[in-house]
Peer 1: 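Below is a structure I'd like to ask you about.
Order of listing sets the numbers, starting from 1, for every ligand and every atom in it.
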Amino acid sequence: MRLLAKLRSSRIFIASFIICFTCINTRAQEGFISIDCGGSESYVDENGISWDPDSHFSNIAGNTTTVTPPASAGSSSPLSKIRYFPGEQNKYCYVFNQKDHGVSKGATYLIRASFWAGATLPYDTQIENQATFKLLIDADVWDELSIRLPQTGREETREIYLSALKDTIDVCLTGKGTGLDIPFISSLVLRPLYVNLTSVQNMHNAARNRALMSRHRINYGAASNDEYIRYQSDGLGDPYDRIWEPDITEPILTTTANVGTNVFDHPPVRVMQRAYESSDFFNISFNLASGTSYHFTLYYSEISTNVTMDGERVFSLQVFNGSDFGSAMLDLFKLANNTHNNVYITYSIYPMYIGSAGVANFAFTKQNGSRFGPIICGLELFQVFDNDMSLGTDDDEVATLKDIMSFFPSLDIWTGDPCLPYAYNWLTCTNDSRPYISTIDLHNNSLTGPIPDFLGALPALTTLNLDNNNFSGQVPKNLLDKVARSELKLSFAGNAYLCNADSNQGFCTINSSSNKKSNLGLIVGVAVGCVLLALVIISSVALYCKKAKPRVPSDNTAPQQNTAKSDSVFHNRSIVSKTNQAQEFTYQEIKSMTNDFRKEIGKGGFGPVYLGTLKNGKNVAVKVLSKDSGQGENEFLNEVELLSRVHHKNLVSLVGYCTEAELILVYEFMANGSLFDSLKGKGLNLTLWKDRLKIAADAAEGLDYLHRGCDPSIIHRDVKSSNILLSKDFEGKISDFGISKSRQYDTSTITGNSQLYTVVQGSFGYLDPAYAETNIATHSIDVYAFGIVLFELISGKPPMIQQATGMGEYIHIVKWAKPHIERGDLSSIVDPRLSDDLNVSSIWKVVDIALMCVDYDRKKRPTMNEVKLELQSALSMEFQIGLYDTTEQVTSFTENIHVNAR
Ligand SMILES: *[C@@H]1O[C@H](CO)[C@@H](O)[C@H](O)[C@H]1NC(C)=O
Ligand SMILES: *[C@@H]1O[C@H](CO)[C@@H](O)[C@H](O)[C@H]1NC(C)=O
Ligand SMILES: *[C@@H]1O[C@H](CO)[C@@H](O)[C@H](O)[C@H]1NC(C)=O
Ligand SMILES: *[C@@H]1O[C@H](CO)[C@@H](O)[C@H](O)[C@H]1NC(C)=O
Ligand SMILES: *[C@@H]1O[C@H](CO)[C@@H](O)[C@H](O)[C@H]1NC(C)=O
Ligand SMILES: *[C@@H]1O[C@H](CO)[C@@H](O)[C@H](O)[C@H]1NC(C)=O
Ligand SMILES: *[C@@H]1O[C@H](CO)[C@@H](O)[C@H](O)[C@H]1NC(C)=O
Ligand SMILES: *[C@@H]1O[C@H](CO)[C@@H](O)[C@H](O)[C@H]1NC(C)=O
């Protein structure tokens with residue numbers, strides 16, 4: 001269990017919080033989104049919650065009908081209308097977004113869906129009196145519902161806590177297309193959660209935030225069986241609008257004091273004011289699904305004024321999950337220095353696994369000598385979402401699909417993940433954890449206009465059926481090229497206006513001088529015959545980098561931008577020097593800046609590197625391309641053009657170049673050498689984990705920029721610790737990206753017509769095994785290599801580790817580290833040179849990231865962007881005192897009085 005990061009023995013922690021009597025929580029529905037599905041107007045219910053109809057969700061389909069709400073519902077309730085979806089779609093989605101609903105990636109939300117059909121539904125179901133369908137969250141199945149009719153008692157609800165994976169959250173219902181019943185829904189709410197909630201901290205403790213599904217939330221000592229406590233405008237209800245179900249078991253203790261407001265978990269005052277009290281022992285037990293894990297939070301307060309001394313109410317809690325999970329000893333009064341009405345919680349810091357026993361017990365026992373028995377005010381039990389939430393269809397595929405759908409407005413009823421867990425009816429996807437689209441079937445859709453060429457930008461697309469629409473114009477060349485290479489089955493029969501009269505054999509000939517290309521068409525991966533090598537074609541046209549990469553659907557009405565470049569870039573040097581900062585140097589200038597190539601500071605793959613000094617006194621690194629690098633001047637200039645457009649604080653920047661006599665690149669000088677040298681003890685003394693983490697986060701940011709900030713995106717292909725350089729301010733920067741550096745490895749080079757075909761390998765030890773097998777270069781080869789760099793940072797060892805025993809025997813760093821990690825043995829892999837004041841959980845987090853990066857399945861690897869965000873969050877752990885650090889003191893305090901603490 002790697003995620004159980006903290007190296008501790010006791011599994012239950014007690015935190016105490018002092019309440020502030022004067023401040024009642026006044027956060028009034030901040031960020032609440034409350035949707036009355038099928039409703040027709042906005043209103044405020046009796047708790048003061050403002051509901052809006054779902055009509056503002058764009059393109060929400062389906063029919064609505066009125067139902068009789070349950071007896072428990074107030075006079076105005078979202079349960080008096082439903083929306084149902086009788087169409088044939090596989091799924092129907094409500095998409096919470098940033099603009100309308102404030103959803104932002106990484107923030108945590110409570111989402112709750114409610115279902116109340118009343119006596120009957122206005123449509124038939126497959127089994128009489130039972131509606132069966134699935135509830136989906138993003139690209140995962142959240143739960144399956146089987147609702148019996150007539151529905152009695154209270155509505156069905158499903159509630160989940162999750163960290164948004166994107167700036168949107170999709171809540172979907174399966175439709176008839178999946179073979180299940182027509183689905184319906186009554187209401188949907190979204191509540192932002194503060195990160196200081198214990199349950200949210202439990203989620204964040206996992207490397208990828210696991211979602212939590214609420215299973216029980218109980219108010220012990222409730223006043224009546226109808227008293228469900230949720231948000232209430234008087235401030236005594238639940239500020240997060242969690243819903244607490246009543247338990248009225250007696251005897252009950254009550255107080256009118258103001259308990260429970262200003263603490264991390266913000267339990268409702270009304271829940272904390274009442275407690276169940278037993279004279280000596282009680283046992284709460286739950287039957288739970290086997291093979292899953294749970295988290296719990298239990299709430300207490302000493303609300304009895306009859307307790308006047310410590311030791312008067314002392315009780316133990318023992319948690320049993322088939323075996324002993326943990327225990328704690330509580331003397332609430334003593335914990336609060338002999339005061340009343342403070343909130344205490346005990347909670348699981350590690351997930352509690354429920355094995356075949358399928359049961360969890362919470363046993364409370366009065367201790368010898370205690371006058372009063374144990375009490376409890378509230379309990380929350382969460383089931384950990386089985387798997388990491390899926391990241392869904394490949395991001396580039398989703399972006400391209402969005403372009404396609406905005407081109408054809410009639411397709412915009414399709415929302416939610418295109419492929420997972422159920423694909424749009426007109427798509428077939430590859431069977432990957434982050435799928436690609438393999439088939440698009442848009443026949444019979446009355447689609448009009450030209451066929452957009454970005455259909456050709458889906459790399460795994462093998463079938464495209466456009467039959468029987470009203471397309472006009474020519475079939476884009478990139479699609480025809482794919483057909484010609486037998487990569488695509490394309491059919492477009494029954495489109496009367498498509499490539500008229502002189503169409504040839506069903507395909508249109510296209511004017512090859514036409515420049516009607518969108519940027520999406522510029523990078524095309526090509527497999528050439530049976531050659532083992534994947535060739536990457538980078539057209540030199542319109543290479544440019546920008547800050548972000550908004551995917552603008554190509555504007556077919558005004559396709560003519562920049563046409564002059566493809567020819568001029570090689571011959572007209574002024575383009576290079578004018579539009580970019582890279583300066584052209586004469587050979588004489590190079591000679592004088594390097595003092596006649598006096599000081600060699602390194603050897604690149606393609607030649608030596610010299611120290612130079614510019615006239616302004618700045619040091620530079622001067623790389624001379626050896627004659628046998630096979631680099632032609634044109635490609636060299638092309639490279640200069642590319643590099644001088646790439647500017648980022650975490651990329652080593654190009655200062656200038658020279659083509660006279662030799663091909664020379666002049667880079668910014670990095671005073672502290674390479675990460676590789678530092679880890680070998682030849683450079684900086686990297687003994688602080690914080691410094692290493694910072695360098696990792698910097699490098700990840702640089703790579704993320706190459707991947708996402710440049711158009712076309714750049715795959716580095718040779719990520720390694722010796723290509724991560726350190727500035728004098730300890731900043732990490734990526735060096736040696738671009739094309740030329742990789743040419744040393746070329747086994748096949750075809751140059752022609754302003755296009756470069758290069759074939760590359762990474763360096764030994766960093767080479768993605770999946771790439772070695774398939775020779776298909778994707779961004780994930782950089783992610784793999786970066787994972788190796790992370791292992792180097794953690795362990796201080798090189799990627800190929802020489803075995804102590806054998807002579808000249810090496811073991812790969814991942815193979816070496818994995819067995820230790822699986823045993824939870826961090827100390828065997830952490831670099832002994834690291835100083836002790838490190839945060840163990842941030843190291844575990846980086847171990848987790850590194851493992852994900854080197855997953856053999858490239859689809860399971862994170863993107864560089866995700867890696868960057870995770871590293872930044874690990875870095876922030878180093879600078880923060882988290883919830884656990886503050887409660888730790890309290891814990892040891894309670895453990896002192898706690899005899900059987902483990
Ligand atoms: C849904 O509404 C449409 C149009 O209002 C109607 O034609 C259709 O019969 C309804 N479907 C069901 C299953 O009620
Ligand atoms: C929890 O976090 C929120 C937001 O940062 C803050 O307003 C609130 O005061 C915190 N609660 C406590 C008890 O510190
Ligand atoms: C608590 O209750 C469960 C189920 O009723 C029982 O199996 C378990 O032994 C009880 N635990 C204790 C400590 O009495
Ligand atoms: C305190 O004790 C008295 C006498 O036993 C009892 O009547 C009363 O209910 C108790 N109050 C509380 C809050 O326990
Ligand atoms: C109890 O008193 C001690 C000593 O005065 C103080 O340090 C501590 O913060 C108090 N604890 C609580 C929960 O008030
Ligand atoms: C109880 O929980 C712990 C921690 O999750 C787990 O290791 C153990 O296997 C569980 N016991 C049973 C019987 O499931
Ligand atoms: C409480 O006292 C009884 C009888 O004296 C003894 O058997 C038992 O072990 C004690 N329990 C604890 C928890 O000390
Ligand atoms: C998809 O992949 C999984 C795991 O590799 C495999 O179990 C499953 O059979 C595959 N499904 C299809 C339809 O190929």
Side-chain angles (χ1 to χ4, degrees), residues 12 37-38 40 54-55 59-67 81-89 92 117-118 120-126 131 133 173 175-177 180-185 216 220-221 223 247 249-257 259 272-288 290 296 298 300-309 312-313 315-329 332-333 339-341 352 354-367 370-377 379 381 413 900:
I12 303 186
C37 303
S40 49
D54 58 357
S55 45
N59 319 309
I60 198 77
N63 296 16
T64 69
T65 189
T66 307
V67 298
K81 291 255 178 76
I82 60 169
R83 181 175 294 276
Y84 61 100
F85 299 90
E88 299 295 331
Q89 288 180 222
Y92 295 90
T120 177
L121 284 164
Y123 52 84
D124 289 337
T125 51
Q126 296 174 26
F133 53 90
L173 302 170
K176 265 192 340 201
L180 297 167
D181 287 327
I182 293 172
F184 74 92
I185 185 166
H216 291 282
Y220 290 99
D247 183 304
T249 312
E250 295 181 344
I252 290 170
L253 272 179
T254 66
T255 181
T256 51
V259 190
M272 296 308 300
Q273 280 176 329
R274 303 176 67 94
Y276 165 73
E277 178 189 42
S278 154
S279 55
D280 56 6
F281 169 82
F282 66 90
N283 178 5
I284 302 172
S285 92
F286 296 96
N287 293 321
L288 302 173
S290 298
F296 57 82
L298 312 182
Y300 324 86
S301 177
E302 185 50 81
I303 55 173
S304 169
T305 47
N306 286 352
V307 173
T308 55
M309 290 192 338
E312 284 192 328
R313 187 198 301 283
F315 61 94
S316 67
L317 161 67
Q318 278 163 303
V319 183
F320 188 74
N321 63 332
S323 53
D324 285 327
F325 178 75
S327 59
M329 187 71 73
L332 306 177
F333 199 58
T339 58
H340 293 97
N341 306 327
M352 173 171 70
I354 299 296
S356 53
V359 52
N361 303 315
F362 298 83
F364 297 81
T365 314
K366 180 168 109 175
Q367 294 304 289
S370 172
R371 247 182 91 196
F372 298 98
I375 59 171
I376 185 167
C377 298
L379 174 150
L381 187 64
I413 55 167
N900 44 346

Peer 1: Under a 4.0 Å heavy-atom limit, does F281 contact ligand 3 with its side chain, its backbone, both, or neither?
Peer 2: side chain
Peer 1: Do T254 and I303 have side-chain heavy atoms sitting under 4.5 Å apart?
Peer 2: no
Peer 1: Got F362 and F286 here, is their nearest side-chain heavy-atom distance under 4.5 Å?
Peer 2: yes
Peer 1: I need the nearest protein heavy-atom contact for atom 2 (O) of ligand 3: residue, atom name and distance, please.
Peer 2: N283 ND2, 2.3 Å
Peer 1: I want to check something: taking the side chain as every heavy atom from C-beta on, are L288 and N321 in contact at a cut-off of under 4.5 Å?
Peer 2: no
Peer 1: Kindly indicate whether the side chain of F296, heavy atoms from C-beta on, has any atom under 4.5 Å from the side chain of V319.
Peer 2: yes
Peer 1: When rounded to the nearest 0.5 angstrom, what is the spacing between CD in E312 and CG in L332?
Peer 2: 12.5 Å
Peer 1: Would you say I60 and F85 make side-chain contact, with heavy atoms under 4.5 Å?
Peer 2: yes
Peer 1: Under 4.0 Å from a heavy atom of S304: which atoms of ligand 4 are those, numbered in the order shown and with their elements?
Peer 2: 12 (C), 13 (C), 14 (O)
Peer 1: Of all the non-hydrogen atoms in the protein, which one sits nearest to atom 14 (O) of ligand 1, and at what distance?
Peer 2: Y84 OH, 2.8 Å
Peer 1: What protein heavy atom lies closest to atom 7 (O) of ligand 3? Include the residue and the distance to one decimal.
Peer 2: N361 ND2, 4.2 Å
Peer 1: Is atom 5 (O) of ligand 1 less than 4.0 angstrom from at least one protein heavy atom?
Peer 2: no
Peer 1: Considering only heavy atoms of P86, which atoms of ligand 1 have at least one such atom less than 4.0 Å away?
Peer 2: 11 (N), 13 (C)
Peer 1: What residue and atom, counting heavy atoms only, is the protein's closest point to atom 9 (O) of ligand 4, and at what distance?
Peer 2: N306 ND2, 4.8 Å
Peer 1: Under the side chain to side chain contact (heavy atoms under 4.5 Å, CB included) criterion, do F184 and F133 qualify, and how do the steps go?
Peer 2: CA-CA 9 Å; F184 74 92; F133 53 90; 3.9 Å; yes
Peer 1: Indicate yes or no: at least one non-hydrogen side-chain atom of F364 is less than 4.5 angstrom from one of I376.
Peer 2: yes
Peer 1: Closer than 4.0 Å and a protein heavy atom, does any atom meet both conditions relative to atom 11 (N) of ligand 1?
Peer 2: yes
Peer 1: Before signing off on this row, confirm whether N63 and ligand 1 have an N or O atom pair separated by under 3.5 Å.
Peer 2: yes
Peer 1: Students should be able to answer this: which protein heavy-atom is nearest to atom 13 (C) of ligand 3, and at what distance?
Peer 2: A363 CB, 3.8 Å
Peer 1: Within a distance under 4.0 Å of any heavy atom of L253, pick out the atoms of ligand 4 and give their elements.
Peer 2: 12 (C), 13 (C), 14 (O)
